[in-house]
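The structure appears right after this line, and notes come after that.
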Amino acid sequence: MKRYIILTLMLASVLVLPGRAAAVNHFTQNEYTTAEALDPGMTQAGIHFTLGEDYKSYYPSIRYGLGALFEVGVKFGMTTVDVGPEDKIGALVGADIKYQLIKEAEGIPMDMAVDIGFDTTIISGNNVSDLTFSTIFSKGLPLTERGYKLTPYGGVEMSSVYGSYIAQNDTGVFVFAGLEWKLTQKFLINAEIKFGEATLGGIGIRFEY
């Protein structure tokens, strides 16, 4: 009888005590970028919000035009993860580089770019990282002659998530669609939704200078 009691207590402790790895859905962030590269020396800075199925991320970001159709972006912020009675908070940092393969012109209906990104989140001393490769298409729709425009965009992303915080590594394919609205010559907003192993969406604002 004593042996059965001990086994029961051991099983209960495994079920009740939190483990090192969390069983969360695929951990990834929104893209928030069109296929059009920024002009050399141009900068965009803003704040973005991603809402996933088990997590929420809030992060300022900066994008900079390197020239030769290259663009780089960095982000830093925080992520809250729903893993039980209370959310866990982690620090989020990331970077990506985008190259515009095709530029919209007469006879070419849209822009096309590829983007490679890396994000990592540190939660309770453990990490979860996301390595992404995306193909992006977008179409600029001018609203006035002063630069105000709508730019619908979308594409396909392969995302590989790994790290000590999650139960197992995972690679998935996502489809995303968004809209960038340039309200003034210096201010724009983004809205995006992303579908795949998990569904997420969010909004963001940016200032251009």
Side-chain angles (χ1 to χ4, degrees), residues 28-51 57-79 91-121 129-159 174-194 200-209:
T28 189
Q29 306 295 330
N30 286 107
E31 295 296 319
Y32 293 127
T33 182
T34 69
E36 184 180 9
L38 292 175
D39 293 335
M42 182 173 289
T43 301
Q44 288 183 350
I47 299 172
H48 300 85
F49 178 77
T50 288
L51 177 62
S57 299
Y58 166 84
Y59 45 93
S61 71
I62 300 173
R63 303 197 68 82
Y64 180 76
L66 295 174
L69 301 179
F70 276 99
E71 178 184 314
V72 65
V74 294
K75 65 169 71 81
F76 50 92
M78 58 176 286
T79 298
L92 168 67
V93 294
D96 74 282
I97 187 165
K98 182 176 75 178
Y99 176 64
Q100 186 174 354
L101 291 170
I102 298 174
K103 195 169 182 66
E104 183 178 351
E106 185 176 353
I108 303 176
M110 64 181 64
D111 297 314
M112 176 184 173
V114 292
D115 184 275
I116 298 175
F118 176 78
D119 299 326
T120 190
T121 304
S129 299
D130 181 25
L131 180 64
T132 61
F133 178 81
S134 307
T135 302
I136 309 168
F137 300 90
S138 65
K139 171 72 174 178
L141 304 172
L143 301 177
T144 71
E145 295 181 356
R146 300 182 61 186
Y148 313 145
K149 64 179 179 178
L150 289 173
T151 306
Y153 66 93
V156 179
E157 176 188 274
M158 185 173 69
S159 171
F174 290 83
V175 175
F176 59 92
L179 180 67
E180 181 181 278
W181 183 10
K182 196 169 186 180
L183 291 136
T184 72
Q185 290 181 326
K186 300 295 182 181
F187 176 71
L188 53 91
I189 62 174
N190 296 81
E192 184 181 309
I193 190 165
K194 196 171 180 180
L200 59 148
I203 58 174
I205 61 171
R206 280 191 196 145
F207 295 92
E208 189 173 276
Y209 55 93

Exercise for the section: Keeping the roles fixed (side chain from Ser138, backbone from Ala35), state whether a donor-acceptor pair exists under 3.5 Å. Expected result: yes
Practice task
Determine yes or no for a side-chain-to-main-chain donor-acceptor pair under 3.5 angstrom, with Lys149 supplying the side chain and Lys182 the backbone.
Solution key: no
Fill in the blank from the handout: All heavy atoms of Asp130 vs all of Ser159, minimum pair found to be OD1-OG, 2.5 Å
Problem - Side-chain donor/acceptor of Gln100 to backbone N/O of Ala37, under 3.5 Å - result: yes
Handout entry: Side-chain heavy atoms of Asp111 within contact of Tyr153, under 4.5 Å
Key = no
Handout entry: Salt bridge Asp96-Lys75, side-chain N to carboxylate O under 4.0 Å
Key = no
Exercise for the section: Check whether any side-chain N or O of Glu192 sits under 3.5 Å from a backbone N or O of Glu31 as a donor-acceptor pair, and report yes or no. Expected result: yes
Handout entry: Lys98 (side chain) donor-acceptor with Leu69 (main chain) under 3.5 angstrom
Key = no
Practice task
Check whether any side-chain heavy atom of Phe176 lies under 4.5 Å from a side-chain heavy atom of Ile136, and answer yes or no.
Solution key: yes
Exercise for the section: Measure the CZ-OG1 distance between Phe118 and Thr132 for me, rounded to the nearest 0.5 Å. Expected result: 10.0 Å
Handout entry: is_close_aromatic(Phe70, Tyr99), centroid dist under 6.0 Å
Key = yes
Practice task
Indicate the atoms forming the closest heavy-atom contact of Thr79 with Gln29, along with that distance.
Solution key: OG1-NE2, 4.4 Å
Handout entry: Whether Tyr32 side chain and Ile203 backbone form a donor-acceptor pair below 3.5 Å
Key = yes
Handout entry: Close side-chain approach of Arg206 and Arg63, heavy atoms under 4.5 Å
Key = yes
Handout entry: Any donor-acceptor N/O pair, Glu157 side chain to Phe174 backbone, under 3.5 Å
Key = no
Problem - Side-chain donor-acceptor pair present, Thr34, Glu180, cut-off under 3.5 Å - result: no
Practice task
Find the distance between NZ (Lys103) and CD1 (Ile108) and round it off to the nearest 0.5 Å.
Solution key: 10.5 Å
